[in-house]
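Each chain gets a letter, A, B and so on, in the order the sequences are listed, and its residues count up from 1.
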There are 2 protein chains.
Amino acid sequence: MKKKREGKTTSKIFDDHDHGMCFDDAIEQIENYFLKKNLQFTPLRRKVFEILIRDHKPLGAYEILEALGRDGFSSSPPIAYRVLDFLMEHGFVHKIQGLNAFIACSNPNHSHSPAFVICRKCEKVAEVDEKKSGISFNSPNIDNFEVEKTTVEMTGVCTTCSRAATI
Amino acid sequence: MKKKREGKTTSKIFDDHDHGMCFDDAIEQIENYFLKKNLQFTPLRRKVFEILIRDHKPLGAYEILEALGRDGFSSSPPIAYRVLDFLMEHGFVHKIQGLNAFIACSNPNHSHSPAFVICRKCEKVAEVDEKKSGISFNSPNIDNFEVEKTTVEMTGVCTTCSRAATI
DNA sequence: CTGATAGTGTTATGTTATAACATGTTATGA
DNA sequence: TCATAACATGTTATAACATAACACTATCAG
Ligand SMILES: [Zn+2]
Ligand SMILES: [Zn+2]
Ligand SMILES: [Zn+2]
Ligand SMILES: [Zn+2]
């Protein structure tokens, strides 16, 4: 299962986006979405989303709360959980079940069943496209069971970490 | 939440096994496995597994602890978590992330990446075979990322519950 | 016998999430 | 414009889930 790659030492999936762009795009997309849907993109909601998109990595609810506190917002638990629920409903945030953490969506405004690749050493997380990842998640309908939501998480060790371990 | 069973109204995936057989087989399989591997199938471990396989439904750690207490074992949290970790390591128990609950494996002694179908109304859970479910999880290797473990959970509403809702 | 390992027990604490209720703010629409 | 409903945020308390750290016993190899 081990492939060597000279030149490129990092897992591409973790590094293949221009995050400067990503940040600006994401803010713009969420603004437009809320405008179009007549939903309030309140300072609190904006702040929570900014906290998540800033470093674009999974954060626990209590980490988000700390950040909110530092920025002058209330930092009692329901504040974070309510906003996170709201952002998740609208597809701008996903929960990583394996980490009890939340992450900004990498591909909002497209209906999608996200899959996540999680390095258990460095805890980097990548949201991967179903097709791209080679997962085919073909059958949303299992024997008349109506699937509403899928959770797909792949945990392992990324190239960077596995190289670091063997040096 | 009552079950009607005229003809064939239930989702087959939830009902297609003879649980009497399942229970006996499961106990026998786990005994044999531990024997072969020279591992101790202690009274505590046996009891935890029995609790899980008895009704063959997901149970929270604290529910298991209550049951242990009723049967004369210690019911402090580490007791359950340690045994559950042990049973999970050996593939006889899986964790349902979406429910913070644990369930006896439906197909032990076969290396497998289980997928779960979860009804959010009745909380019934079925462990489904990858092939059977139509999920093909073909690519364990994503851009050099070495996948060690996959979590696949499909949440929705089962036929029984969806019929009940529309009556 | 001695020291290592494994299994269980116990206490305390850490972490994650929600219930319940209070207060302010923004539409709606007689 | 004034009631009222819906929404958003704030606060306190508590529930639910999970682990750290250490103690005690049994087993067994050297
Ligand atoms: Zn997404
Ligand atoms: Zn890594
Ligand atoms: Zn299984
Ligand atoms: Zn159901």
Rounded to whole angstrom units, what separation is found between the [atom1] atom of [X] and the [atom2] atom of [N]?
| X | N | atom1 | atom2 | result |
| --- | --- | --- | --- | --- |
| A:L99 | C:dA17 | CG | P | 11 Å |
| A:K37 | D:dC7 | NZ | P | 15 Å |
| B:I64 | D:dA16 | CD1 | C1' | 14 Å |
| A:L87 | D:dA8 | CG | C1' | 13 Å |
| B:L39 | C:dA6 | CG | P | 11 Å |
| B:M88 | D:dT19 | CE | P | 9 Å |
| A:I79 | C:dT16 | CD1 | P | 19 Å |
| A:R46 | D:dT9 | CZ | P | 13 Å |

Fill in the blank from the handout: Side-chain contact check for B:Q40: nearest option of D:dT9, C:dT10, C:dG7 is C:dG7

Exercise for the section: Without swapping roles, check the side chain of B:E153 against the backbone of B:V117 for a donor-acceptor pair under 3.5 Å. Expected result: no

Practice task
Would you confirm whether A:R45, through its side chain, and A:Q40, through its main-chain N or O, come within 3.5 Å as a donor-acceptor pair?
Solution key: yes

Exercise for the section: Assess whether one donor atom and one acceptor atom, taken from the side chain of B:Y62 and the base of D:dA18, lie less than 3.5 Å apart. Expected result: yes

Problem - Base C:dA19 to side chain A:Y81, donor-acceptor N/O within 3.5 Å cut-off - result: no

Practice task
Under 4.0 Å from any atom of DNA chain C, heavy atoms only: list the residues of residues 71-78 of chain A that qualify, in numerical order.
Solution key: A:P77, A:P78

Problem - Audit row: A:S75, A:Y62, side-chain contact (heavy atoms from CB on, under 4.5 Å) steps and yes/no - result: CA-CA 8 Å; A:S75 61; A:Y62 283 74; over 6 Å; no

Practice task
Search all heavy atoms of A:Q97 against all heavy atoms of A:K149 and return the closest pair with its distance.
Solution key: NE2-NZ, 4.3 Å

Fill in the blank from the handout: Smallest heavy-atom separation, B:S106 atom then B:E127 atom, equals N-OE1, 2.9 Å

Practice task
Indicate, with a heavy-atom threshold strictly under 4.0 Å, whether B:R82 touches base, sugar-phosphate, or nothing.
Solution key: base

Problem - Verdict with reasoning, B:V48 to B:L84, per side-chain contact (heavy atoms from CB on, under 4.5 Å) - result: CA-CA 8 Å; B:V48 170; B:L84 288 168; 4.1 Å; yes

Problem - A:N100 side chain near C:dA17 phosphate (N/O to OP1/OP2, under 4.0 Å) - result: yes

Problem - Phosphate OP1/OP2 of C:dA17 contacted by A:K95 side-chain N/O (<4.0 Å) - result: yes

Practice task
Please determine which of A:F92, A:F34, A:Y81 meets the ring-ring contact (aromatic ring centres under 6.0 Å, His included) test together with A:F86.
Solution key: A:F34

